[in-house]
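One structure is given below, encoded as structure tokens.
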Amino acid sequence: MANTIVIFGASGDLTSRKLIPALYRLQRKQRLPAETRIVGVARSDYTSESWRGMLAESTAGFLGAEFDPAAWEQFAQLVHYVPGDVTQAEDVRRLSGALESLETGSPAARIYYLSTAPRLYEPAVAQLGAAGLADESRGARRIVIEKPLGTDLASAHALNVALHQVFGERQIYRIDHYLGKETVQNLLVLRFANSIFEPIWNRNYIDHVQITVAEEVRVGRRGGYYDSSGVLRDMFQNHLLQLMTITAMETPVRFEADLVRDEKVKVLRAVRKLAGADFAQCAVRGQYEGYLAEEGVPANSQTATFAALKLHVDNWRWNGVPFYLRSGKAMSCRTTQIVIQFRKPPQMLFADGRRGDFDANRLVIQIQPAEGIQLHFLTKVPDAGMRLQMTDLDFRFGREFSGQLPDAYQRLLLDVLNGDASLFARSDEVELAWGIVDPILAAWNSPAAPELEHYPLGEWGPACSTRWMRQQNREWFDVCPVLH
Ligand code: BG6
């Protein structure tokens, strides 16, 4: 069956920077199903011709030497533009007619991608429903939305209710672009296609887990949005908790969307809610120096640009194993890594004075920028008595496989076209994640909020984060990409 991808918010940044380049690359690799067309919708007054011209320019700028004008010409034939406001009934009815004439009377599956401002999600969905565009009698109808999916549990729930009034849950694809990253999917493969990890992937062997998403960038031009969001909403509610669920989940019965998501939901349900004194003991926050001078940020802002949380997953596998999650802007380097820190040997035979936690085995799963896995283990330094040294075994995607790793959107768009929701968040996942983050946000907004410590640019967050780990006899793995 043919496919029509309708992009609302067609003149926006996400469309030109991510969606169109991803679709163009898929077309070049001949991965787009035959008879796929792309229809942009926005209020701007483009024609199909002028929109194509604009996209050619932005895509060429984005892809550089990879951009091939001849291939673009072929791709551009799939691209159309219909001006309109998705919140206006009349415009949506007109769009419906335009889609039918493009589909020339034969049924097509449709994907509605809401690449609009989030405040338009609910009115847009209502209009799609009112115009009968969610009706599946002439082919599948799927809707794709992106974060922010609400700003707290109540608004996320309201959004889910609005979505469910028009679309069934299986028609809804909530993108978290971290799930489209190759190494995140490889974590599933590492855990569930290899038998050697399962026996040690639990409290008997693992001391703790660290999940770090460090960014070198500052908030840049996004100060206005960021200040009302902060690091917990921007990074933890979605990306970090997703990485945690994949690290912690049980083996799904089969690799099917609902079975995978059932297991992730169980992890979120098992996360112990912070209460009372926990807010001081299990969370630290910071703000980078100079944040208050960023465009769009109020001079007295208390928004955290860095946070570290200690979460417990109260189930048999993880009892007593803390999950440390941290993320921040303006940090030393860009790296996303999951560190599985194993326990120390019960008895150290080789007295060389190195007894710290960091001497125990460690598995580093590096999600980005370079993708790979590293296992750290102790070896004997030759000809030096019984002196030990931490050494490593490396696996690097870049060395093992040729070709460029696809951008997350390529994989995710293809999955939507194929109707596979395994790598998308379900409504209960989103709400449970807010249920974890909301109480921390509330505590940080209360008079009893812990101090917001400032940190210099280019460090691993505020000094209190390092002290906090040391008080627990642990060390952050503060290492810029171990693999290149
Ligand atoms: C987005 C956040 O969801 O993820 C940004 O809004 C952040 O603030 C970005 O910079 C990080 O994504 P990536 O893929 O660059 O790690």
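Indexing begins at 1, ligand by ligand and atom by atom, following the structure's order. Note that the coordinates shown come from a computational prediction; the quantities given were computed from them, not determined experimentally. Just the heavy atoms: all of them, side chains too, but no hydrogens, waters or symmetry mates, feed the values below.
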Pairs flagged by side chain to side chain donor-acceptor pair (under 3.5 Å) wherever residues 149-163 is involved - sequence neighbours left out: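 Output for this query lists T151-S155, D152-S155, H157-E431, N160-R174, N160-E431.
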Could you note down all residue pairs passing side chain to side chain donor-acceptor pair (under 3.5 Å) where residues 115-127 supplies at least one of them, sequence neighbours left out?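 Sorted pair list: T15-S115.
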In chain order, what residues pass the side-chain hydrogen bond (donor to acceptor under 3.5 Å, both in side chains) check against R191, with sequence neighbours excluded?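 In terms of side-chain hydrogen bond (donor to acceptor under 3.5 Å, both in side chains), with neighbours along the sequence ignored, R191 is linked to no residue.
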Is K266 salt-bridged to D262, cutoff N-O under 4.0 Å?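 No salt bridge links K266 with D262.
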Run through ligand 1 for me and note each protein residue having a heavy atom under 4.0 Å from it, chain first, then residue number.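 These residues qualify: K147, H177, Y178, K181, E215, R222, D234, M235, H239, K329, R334, Q368.
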Mind checking whether F401 and F395 have parallel, tilted or perpendicular rings, split at 30° and 60°?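 It falls in the perpendicular class, over 60°.
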Search all heavy atoms of A42 against all heavy atoms of Y81 and return the closest pair with its distance.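 What the structure gives for the nearest pair is O-OH, 3.1 Å.
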